[in-house]
Protein chains: 2
Amino acid sequence: MKGKATSFDIAHLAGVSQSTVSRALRGSPLVSEETRRRIQSAADTLNYKVDKNASNLRRQHTGTLALLLFEDPTADDSHINPFFLSMLGSITRASAQQGYDLLISFQQFSRDWHADFAGCQKADGLILLGYGDYQSHRDKLEKLVAQGTRFVRWGAVLPGQPGVSIGCDNFEGGRTATAHLIGQGCRRVAFLGDATPHYPEFHERYRGYADALRAAGLEVDEALQADAETTERAGYEAAELLLERGVSFDAVFAASDLIAIGALRALAERGLAVPGDVALAGFDDIPMASFVNPALTTVRQDTGKAGEVLVEQLLRLIRGDGAESAMLPAELKVRRSSLRR
Amino acid sequence: MKGKATSFDIAHLAGVSQSTVSRALRGSPLVSEETRRRIQSAADTLNYKVDKNASNLRRQHTGTLALLLFEDPTADDSHINPFFLSMLGSITRASAQQGYDLLISFQQFSRDWHADFAGCQKADGLILLGYGDYQSHRDKLEKLVAQGTRFVRWGAVLPGQPGVSIGCDNFEGGRTATAHLIGQGCRRVAFLGDATPHYPEFHERYRGYADALRAAGLEVDEALQADAETTERAGYEAAELLLERGVSFDAVFAASDLIAIGALRALAERGLAVPGDVALAGFDDIPMASFVNPALTTVRQDTGKAGEVLVEQLLRLIRGDGAESAMLPAELKVRRSSLRR
DNA sequence: CTGAAAGCGCTTACAG
DNA sequence: CTGAAAGCGCTTACAG
């Protein structure tokens, strides 16, 4: 095969000007049916495809969305967090449905990522996904806003945040899960996960947890909380820490399923039965959650819906329609790990 | 902020020509250190980024790789096959490491995908990932080759295939898993999964299965095979079919973990104990495999390695170095689901 | 409805 | 080591 066909080649073949080829192929109503047909068939025989780079350069637009996936550098890098993987799938689908390509890029929190994508014309807009220290994140978000970069982020939805955020109702999720554990007769409910404003999603879950405890007339005991990022290992270690502290507890609410699954292993190794000795609940409803033994009670985040909303709001931003932050419902999924009666 | 800065803006600011700016920023050795510094600092203050579209158009290159993910349209579309998700993660990482962006695109087998990416300058090369009917796939692969499109595919590695294929040693994986089941004392080993050349990966696993049976002096009984695509539901249904046939079996080798997990559920519902009544093994080692109860014996495909090799070979193709098909080792992971003694 | 022409923002021979 | 100029392949006012 010789070099790629251009619009000039097909103009020549169809006996029209190159401008008309361009118009015809972009579906302009200005072109007559007959001309359009001739051009189309010429394009087909030459196997012509519009050059995206040229088209994008001219139109100042890319037709692609970029997904920036942040991973905590301390996470064991063998596997991506399954929750994000699930989001990735749903975002990919949603973009495709809207006719956009999706560019995926892994980023580390520390890096100067905010500059990399803003204005280099790789994408019309950005989707930010990932946990991590929000305080350090925030500056970059503000720069993004200042630069006029279109972006939406997945995360906690709180007042005063820069840009558009989509997230689930972490507070309500935490509250419901904890209330459920209390409803099972538990009185000493531990919380596994970071509980500071640095990690707003976990913090909201923690606030919901504390709220449920107080509503039941129970004390919020700091000795019952242990930090953990979202990995199985961190969950395992946090549970061990709790055990070593010697505080008594009859339930664990983990800020994520991965943490819960790690805790489950730690508890089993100490001979503690779930749910018999300790009732357990997680957060996310990753695919694994229903397969562990016992099946894990958790708060489901609807990743399918999340992807749709993220893409939809980003496209609104791109079109200049104005987008809004939104909070998606979190749904308690009761499984065996928390059923004590 | 006003419109984006161009190379002319920074040329003006640095007091040089636009060509020099371009050279300096691309790291040409022709530019003096001092000039380069001045240009760099001008670029920094104007927050200048090279426009990818323009650069790519001029250089006739994109700096991005496209991943075409094929999903069987009959699969329940709530979740992507976890094995592919894992591959996706590893491919993303590997591309990033090589300085390439990754464009992800879901495709249906039926669609005319082969034309969509070839020559439209969206990507320098293609990675094809997904199961499905190979026969219908094949024509398109041949067209891709004819068009000179650079691509590598994940799949069975067999003689006479168009293009470069990377896959794991499916035959050996199937053989080892089956031999292990036989070693556990099983004599009637069922195979769950399509076993025709239309699905070459499964077919290879089936051939390995049959080989192990014969090597042990056991008969290959067609009544012990049931078709299934890679979903939990299909695995469940295939196991049910087997049960309804009334044939006796004391082990199941499933062509994928998802199939195995579905079978596990079907067996449990009939009151059959795994591994007590039926020993079970799968293929892939998806994250879930170690979390089901009992933990699933399986053949591990090293997705991390797979992504690296795929990207590496594709880049060789792009550079014109010539790439070769390669078969990666498959490793048996023995867990509780197959241990009868 | 169609064509001639400008221009999107770069890269890279060519000339000095 | 640097600059002036051509050109990558389109899209889109402008003129007819």
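Chain naming here is simple, since letters A, B, ... match the order of the sequence lines and numbering starts at 1 in each.
In this structure, the nucleotide among C:dC10, D:dC10, C:dC1 sitting nearest to the side chain of A:Tyr48 is D:dC10. Each of C:dC10, D:dC8, D:dT2 was ranked by its minimum atom distance to the side chain of B:Leu57; first place goes to D:dC8.
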Next item on the list: Under 3.5 Å for both distances, Watson-Crick or G-U wobble, that's the pair rule; now give the dot-bracket for DNA chain D, with | marking pairs to another strand and [ ] for crossing ones.
Entry: |||.||||||||.|||

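A close approach under 4.0 Å does occur between a side-chain nitrogen or oxygen of B:Ser55 and OP1 or OP2 of C:dT11. Close to D:dG9, at under 4.0 Å from its OP1 or OP2, lies a side-chain N or O of B:Gln60.
With sequence neighbours excluded, the residues that form a side-chain contact (heavy atoms from CB on, under 4.5 Å) with B:Ser22 are B:Arg26. Residues forming a side-chain contact (heavy atoms from CB on, under 4.5 Å) with B:Pro200 (at least two apart in sequence, or on another chain): B:Tyr134, B:Ala156, B:Leu158. With sequence neighbours left out, B:Glu33 forms a salt bridge (charged side-chain N to carboxylate O under 4.0 Å, His left out) with B:Arg36, B:Arg37. For A:Glu308, there are no side-chain hydrogen bond (donor to acceptor under 3.5 Å, both in side chains) partners two or more places apart in sequence or in a different chain.
Distance B:Asn56 CG to C:dC8 P: 18 Å, rounded to the nearest Å. When rounded to the nearest whole Å, the span between NE2 of A:His12 and P of C:dG3 equals 14 Å. Following rounding to the nearest Å, A:Leu30 (CG) and C:dG3 (P) show an atom-to-atom distance of 13 Å. Nucleotide C:dC10 holds its P atom 10 Å from the CD1 atom of B:Ile10, rounded to whole Å. Rounded to whole angstrom, the span from the CG atom of A:Asp51 across to the P atom of D:dC8 amounts to 12 Å. Taking atom CZ of A:Arg36 as the reference point, atom P of C:dC1 lies 9 Å away to the nearest angstrom. In this structure, B:Arg38 atom CZ and D:dC1 atom P are separated by 14 Å, rounded to whole Å. The interatomic distance linking B:Leu25 (CG) with C:dC10 (P) rounds to 9 Å, in whole Å.
Partner of B:Thr62 under the side chain to side chain donor-acceptor pair (under 3.5 Å) criterion, out of B:Asp124, B:Asn53, B:Asn56, B:Asp101: B:Asp124 alone. Between A:Phe151 and the choices A:Leu141, A:Val164, A:Leu65, the side-chain contact (heavy atoms from CB on, under 4.5 Å) rule is met once, by A:Leu141.
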Please list each protein N or O that sits under 3.5 Å from an N or O in nucleotides 12-16 of chain D, with the distance.
| unit_1 | atom_1 | unit_2 | atom_2 | d |
| --- | --- | --- | --- | --- |
| D:dA13 | N6 | A:Arg23 | NH1 | 3.2 |

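A:Asp9 places none of its side-chain heavy atoms less than 4.5 Å from the side chain of A:Tyr48. Under the 4.5 Å side-chain criterion, counting only non-hydrogen atoms from C-beta, A:Leu328 is not in contact with A:Asp302.
Taking the six-membered ring for Trp and thresholds of 30 and 60 degrees, B:His61 and B:Tyr100 have ring planes more than 60 degrees apart, a perpendicular arrangement.
Between D:dT12 and D:dG16, the two C1' atoms lie 16 Å apart (nearest whole Å).
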